Amino acid sequence: MTSDPSDAAEAAPDTDLKPDVDWPARYRLRLREAMVVLAEQDEPTADVFTPAAERVPLTAYDASLTKSGKGRASINLGWNLTTIIEHAGWLHATSEGGYRLTREGRAALERLRDPQELYDEANTSYSTWDEVRKAALDEPTADPSTDILHTGSGHARLAVEPVLEAWRTGGSAFVPNGAVWTEPSARELAAYLASTPSTAQITATMPGLESLSARVLASEALVLLVGPLSDMVGSTKRSRVRNPLVPPVDPPGLPWELSAHLEQGFVHGGQALIATPMAMLASFVDILVAWFERPVEERAAAWDDPWLFRDLVTSPSGVDGRVAALLCVVVHPGSFTTILRPADRAAIVEALATDADQVTGDVEKDLKTITLRLQGESGGAPVRYDQAPLVQAWSDAEGGRAWLVRGEVDQQNRVPTWMRQAIVSITVGKLTQLPKELTQKSLSDLVDEHYGDLQVVKREAKKRDVLSFALGMTDGDLVATVDGGALRLGVVQDEPARLQSIGGMTLLTRAVTWYPDLAPEVKSLPASIRTRVRFKGEDVLDLTDLASALADLRPEDEEPERPEDLGDQDDLAMPKSAEPEQTDVTPEVVEPAVLTCDEAALAAQLHHADASWISELLISINERRQVVLEGPPGTGKTFLVQALLEACGLTEAQSALVQFHPTYSYEDFVEGFRPVETTDGGGASLTVTPGPLKRIAEEARNAPSKPFVLVIDEINRANIAKVFGELYFLLEYRGSEVELLYSAGERFALPPNLFVIGTMNTADRSIALLDAAMRRRFVFLSMGSEEPALSGMLRRWCLASNRPPALADLRDRLNAEMEKRGLDAALAFGPSYFMRDGVETPAALGRLWRRELRPMLVEHHYGKHQQVDAWYPFPAWVRELGLGAPTADAEQVDDAMVGDAGAGTQ
């Protein structure tokens, strides 16, 4: 959200520049002035660097570039605002709304006049916040014989505690002595959410909602809805909570301690739920409105009675059962599990209940009974129904189970090794040995111990991988993986998981027999299979819903190869001990991928005067990896890109082209829910489907030594900020990671070998040109005739193709007249209009004038279009330049060129 200084952004790093001893004092003063700027604004502000730099001018050191090529002062200010100031509770920042100073931030400005004191207090608050969010908390004390236990719930419970207290008392967790959790606020928020037919159309900052109390209620309610989630990273949780508070002037801040506890969670929400925050909020507000309609005594009793609370939150019609279940486990964790879908809870009871459980028919009460029994059987350990092996014990698998295990990871394709050694594996580099007994608890504890430094989302993902691989996969299950562009299938054997060292990597392995000759192309598979096997977040994915479809791919007369059929494998022998055998392996160095070609040859092919423009293009894209080619219509932007890719030797698989338009969306470009036909052919289900950006990024990541290019034609015709979403950040900060909107918990980065080339028609006034923020993220190269290497392109083409050079004179005369008539140079006609076979004939020139050139001139001269034919006597120019018929046929030529176009000037 910061903006580079206009001069410094173009400057080269000064290797002789020495550190400035006054730099700390200067950037802290600039930080305070940036907060003052925000305090003066009535609207959220995206660019605070420019006014702050005007108030505290940049020195040469401030304007210098860091090693990353970014302006030193700009990066410093952005970091301080979004870390120490934001996490002190003095600022809200979102990609959608910009920066907004909070009332606590205003108070800090009034109280701390000295920039050093302001910085020190904010930095202290940030340091404390950072310590709290990383702190390992003891599990809340509970009796496993009477209460359901939850692993890792400590931080989440502390985050929701002040909000639940506000709900109970009608107060506020964010506004001291405020009254937010009230019936009027709930009804105002409900009316706003109901005013739009689809909650998916309501943006995160909720534009148009006037009531501050309703906004604060929305923000605090989102703490309850996202705080407990383990499959959402803390930064995303905080962003969702802050979003409703960005538009108002002087909003309350996010209390730093509550913010810190949002870092971790214990409930697996699932992609379908957490990708729809406004729908979650709307469902919760419906519950809240109905809650306030109940008698005060009944509401008070519900805080102590879990089953009464359950009845109250599930009673409103149309409520999402997952949201109600989430509230139940948040308010009464000792009585409810983390399984949110009602159908899943019923399936667990049906599958796992025994005669000893004495089921009553009340699913939630019966599920508690079953859970207490299982806790007792496991020695008082928590029970996770959403992880292996319990998830396989209750979920439907009538057609047998199937699994996807990623084979192309760590820049390597492991599948050929798997097939030779009759195994499948996942990387567990931090594990040294497996527990004697492989159970859900023992493996979960092992992952928590060795991967405790990971974000909770990544640690939970690793735990799911290990549990699914070691406990979920059983004898006879199908295993699928992708080998290059082909699908491979195998069958799991009845052998336990083993920890082994292979090729210098510590792996968890299972025995698998593979079908050696079965390798259908992934792109030829049905969409229901193709989209699931190619793009995913986990290393191990349960594909049981596709088991029948995958089984149908197997040949009837082919058996999978078993280990004993593989012959002598001494060269592939693996150690059998639980202790991995480590070997020193020098990692392969991957050279950075670059785009290169014979620049002179390409320039000649494109009829450039020399190779200087092509050289500048290649230098720019290899340095910045993102360029936009801009110019008037007909300059051959898209044609040049295609010629460039061919000259650089890129295959079809190494490039992709998309065309933006006004309705193009994030879901089209990055990823979104798409209907996919179910395996039984009886309908469709919504599945997160990757868009062209995510697909080519995945391809690039799997082949880091090769260049990949995404071409975005007419890049300025779409709403760039909305299309790129959170990836807008990655355009400027390559190498960083963000969490995707729909693949919650999946961290995504743009690989360094992915290049982006956009084209932009500068004459298109029907859409907005790219804003300053987007221009910082791309190098813009003009393809106008003012470029020395491009000037005279049409004349050189005429000479090379034996066409009359007068075609170039005709275009020059047309563009000169347009300039004379006051039209912008961006509207000039490019050479490609005249670079066509047969264009030099009178009939072809007549069609060109009537169908393409004249209609655009009429539009450009709107209001004076009756004079177009007088101002631009195109037929006469054709004759004067010797391109038309003999003089005797002059009248006929005029008729051919004007045709019925004259009717439009009447």
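None of the values given here were measured: they were computed from a predicted structure.
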Tell me if a side-chain donor or acceptor on [X] pairs with a main-chain N or O of [Y] at a distance below 3.5 Å.
X	Y	answer
W403	L543	no
D477	V492	no
Q440	V383	no
T481	V405	yes
N753	P707	no
W514	V491	no
Q264	S230	no
H661	Y664	yes

Can [X] and [Y] be counted as having a side-chain donor-acceptor contact under 3.5 angstrom?
X	Y	value
R414	T417	no
S395	R401	yes
T338	Y385	no

Are any non-hydrogen side-chain atoms of [X] and [Y] less than 4.5 angstrom apart?
X	Y	result
F748	L730	yes
T371	F336	no
T506	T427	no
F708	S655	no
L550	L487	yes
W394	V349	no

- So salt bridge (charged side-chain N to carboxylate O under 4.0 Å, His left out) across residues 421-440, not counting sequence neighbours, yields K430-D453

- Task: Could you point out which residue of E495, Q500, Q421 forms a side chain to side chain donor-acceptor pair (under 3.5 Å) with T509?
- Result: Q500

- Message: Taking the six-membered ring for Trp, are F724 and Y666 closer than 6.0 Å centroid to centroid?
- Response: no

- What distance do R488 atom CZ and L518 atom CG have between them, rounded to the nearest 0.5 Å? 8.0 Å

- Query: Looking at R384 and E460, does any basic side-chain N land under 4.0 Å from a carboxylate oxygen?
  - Reply: yes

- Item | Salt-bridge present (E377, R373; N to O < 4.0 Å) | yes

- Message: Holding to salt bridge (Lys or Arg N to Asp or Glu O under 4.0 Å), I want the full list of residues that pass it with R345, two or more places apart in sequence or in another chain.
- Response: E364

- Intermediate values then yes/no, side-chain contact (heavy atoms from CB on, under 4.5 Å), L645 and V711: CA-CA 10 Å; L645 300 185; V711 181; 4.1 Å; yes

